[in-house]
2 protein chains.
Amino acid sequence: MKNRLKVLRAERDWTQADLAQALEVSRQTVNAIEKGKFDPSLPLAFKLARLFKAPIESIFFED
Amino acid sequence: MKNRLKVLRAERDWTQADLAQALEVSRQTVNAIEKGKFDPSLPLAFKLARLFKAPIESIFFED
DNA sequence: GCCTAAAGTAAAGTATACTTTACTTAATGA
DNA sequence: TCATTAAGTAAAGTATACTTTACTTTAGGC
């Protein structure tokens with residue numbers, strides 16, 4: 001899966017650490033998801049959707 | 001997380017085994033997700049959304 | 001009551017998500 | 001050049017998703 005996290009983060013001028021804190025996960029987790037190393041769990045995807053006020057399908061995409 | 005799988009399945013008159021086959025997962029996995037024992041991975045949630053032609057957020061809900 | 005199909009459940013194993021610690025690299029500015 | 005901040009990465013450990021095998025329970029039709 002691919003995602004728009006880097007862009008969404010940039011729009012808000014957030015660091016990976018900022019996002020990690022907002023999500024209550026580690027910075028490495030944000031980095032790994034952003035780089036496509038693994039997919040987030042469904043609950044984490046929901047947290048992201050809530051945070052960015054956007055549907056999960058507008059943040060993540062099947063490749 | 002809670003979900004509407006049982007209803008979506010019933011609307012189509014599908015068994016858990018039918019759904020499992022469509023998703024390419026085990027029947028036990030469908031049962032466990034349906035009963036709320038664990039959440040699906042994000043890729044599996046996408047597969048469900050595609051199958052039921054519905055947004056992930058209309059199938060799964062945070063409780 | 002019996003048979004069958006579907007659902008429920010449990011144990012043990014594998015795969016993947018996520019953590020912590022720690023080190024490296026890139027970019028920017030004093 | 002040096003210091004700082006953000007990003008990238010890696011190893012080892014824990015948690016959770018998912019599989020396989022196998023058994024039990026439930027409900028309906030005969």
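Quick caveat: nothing in here was measured; it's all calculated off a predicted structure. Residue numbers start from 1 in every chain, and the chains themselves are labelled A, B, ... in the order their sequence lines are given, proteins ahead of strands.
The environment of CD in Glu24(B) is sparse: at most 12 heavy-atom neighbours from other residues, nucleotides or ligands sit within 6.0 Å. With a 6.0 Å radius and a threshold of 12 heavy atoms from other residues, nucleotides or ligands, Asp63(A) has its CG atom above the threshold. Other residues, nucleotides and ligands place no more than 12 heavy atoms under 6.0 Å from the CD atom of Gln21(A).
At whole-Å resolution of the value, NZ in Lys47(B) and C1' in dC18(D) are 12 Å apart. Distance CG (Leu48(A)) to P (dA17(C)): 14 Å, rounded to an integer number of Å. When the C1' atom of dA17(D) is taken as reference, atom CD of Glu34(B) falls 17 Å away, rounded to whole Å. As a whole-Å value, the separation of Leu44(B) CG from dT16(D) P is 18 Å.
Checking the phosphate oxygens (OP1, OP2) of dG8(C), a side-chain nitrogen or oxygen of Lys35(B) falls inside 4.0 Å. For the pair Ser41(B) and dT16(C), the criterion of a side-chain N or O lying under 4.0 Å from OP1 or OP2 is not met. OP1 or OP2 of dA10(D) has at least one side-chain nitrogen or oxygen of Lys37(A) nearer than 4.0 Å.
With hydrogens and angles ignored, the 3.5 Å screen pairs a side-chain donor or acceptor of Arg9(B) with a backbone N or O of Trp14(B). Checking side-chain atoms of Asn3(B) against main-chain N and O of Ile33(B) turns up a donor-acceptor pair under 3.5 Å. At least one donor-acceptor pair under 3.5 Å links the side chain of Asp18(B) to the backbone N or O of Thr15(B).
For residues 1-31 of chain B, proximity to DNA chain C is found at Arg9(B), Thr15(B), Gln16(B), Arg27(B), Gln28(B), Asn31(B), defined as any non-hydrogen atom under 4.0 angstrom from a strand atom.
Nearest to the side-chain atoms of Ile33(A) among the listed nucleotides dC18(C), dA17(D), dG8(D) stands dC18(C).
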